[in-house]
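First comes the structure, then the notes that go with it.
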Amino acid sequence: MHGHGGEITSLAIVVVVALVCGLVMRRFHQPAVLGYILGGALLGPSALGLVDNRHNIQMLAELGVLMLLFVIGIELSLQGIKKVWKVALFTTLIQIAVGLGAMYVMGYVLQWPLALTVVLGFVVAVSSTAVAIKMLDEIGEKNTRTGQITIGILIAQDLAVVPMMLVVSSLHGEGGISLHDILMVILSVSFLGLLIVYLGQRKPLRLPFVRGVTNSMDLMPLMGLAFCF
């Protein structure tokens, strides 16, 4: 679909199909997010091909994931995550080792190249944080002990993705892993760790400009969206 009208039509198709698939999943007592994934697969170029503007759909998908993670992050209990971080870290390391080991065996048997083996090992080892947390919320397990451990593992996996990407880039001959890349990873992970520790101290977090928009129905959503970005 091309042109301005075509883009709006594509967006309308995505919204309607996502709604229908979500309702179907809820009808079968499944999380609605599974319906959204199914709808995207059906509309994409690999299936019906009704939506073929990859750029717009990719931007819409990234925006949706960003806002979903923002909303989820607001509701997370950092105190609960701090209590399970050792279990989460150990489990993530085991997952990565098992994933790489399993793919290495398959790659050896099927004679896969090393780069493909490593990529598939990383893919098997990680999960989708947005999807998993949404499913935990819908089944009422997000605030339980099991849910907190699961969320801690998901966050540890997210932190591990950046080193994984550096390893994959080096295997594909993109200049290898530079000292700058290593320092950026260390600084990013350290910053996130310190932020979690700070926010987990139960001290009130004072956001700027809140008083100026408290009573405004127009500015409040915009401020929330601005902090999300």
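Atom CG of residue L89 and atom CD1 of residue I94 lie 10.0 Å apart, to the nearest 0.5 angstrom. To the nearest 0.5 Å, the span separating CG on L38 from CG on L43 amounts to 9.0 Å. Atoms OG1 and CD1, from T91 and I149 in turn, are 8.0 Å apart once rounded to the nearest 0.5 Å. Rounded to the nearest 0.5 Å, atoms CG (L23) and CG (L19) are 4.5 Å apart. Within the model, atoms CG of L136 and CD1 of I151 stand 6.0 Å from one another, a figure rounded to the nearest 0.5 Å.
Between V126 and F122, the closest side-chain pair of non-hydrogen atoms is not below 4.5 Å. Taking 4.5 Å as the limit, every side-chain heavy atom of W85 sits out of range of all side-chain heavy atoms of I155. Proximity of I153 to Q95: side-chain heavy atoms (C-beta onward) are separated by under 4.5 Å at one or more points. In this structure, V84 and R145 have side chains that are in contact, with non-hydrogen atoms separated by less than 4.5 Å.
Between V17 and G39, the shortest heavy-atom contact is CG1-CA, 3.9 Å. Across I96 and A125, no two heavy atoms sit closer than the pair CA-CB, 3.6 Å. G35 and C21 get closest at one heavy-atom pair: O-CB, 3.0 Å.
If you chain together hydrophobic residues whose side chains sit under 4.5 Å apart, V98 and V124 never meet in one group. Transitive grouping of hydrophobic side chains (ILVMFWY, heavy atoms separated by less than 4.5 Å) brings L100 and V123 into a common cluster. Cluster membership check: Y104 does not share its hydrophobic cluster with L110, using side-chain heavy-atom separations under 4.5 Å among Ile, Leu, Val, Met, Phe, Trp and Tyr.
A donor-acceptor contact shorter than 3.5 Å links the side chain of T144 to the backbone of E141. With hydrogens and angles ignored, the 3.5 Å screen pairs a side-chain donor or acceptor of Q157 with a backbone N or O of S127.
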Report the C-alpha separation of L116 and M103 in whole Å, then their side-chain angles, then the decisive distance to 0.1 Å, and conclude whether the side chain to side chain contact (heavy atoms under 4.5 Å, CB included) test is met. CA-CA 9 Å; L116 177 60; M103 290 301 105; over 6 Å; no
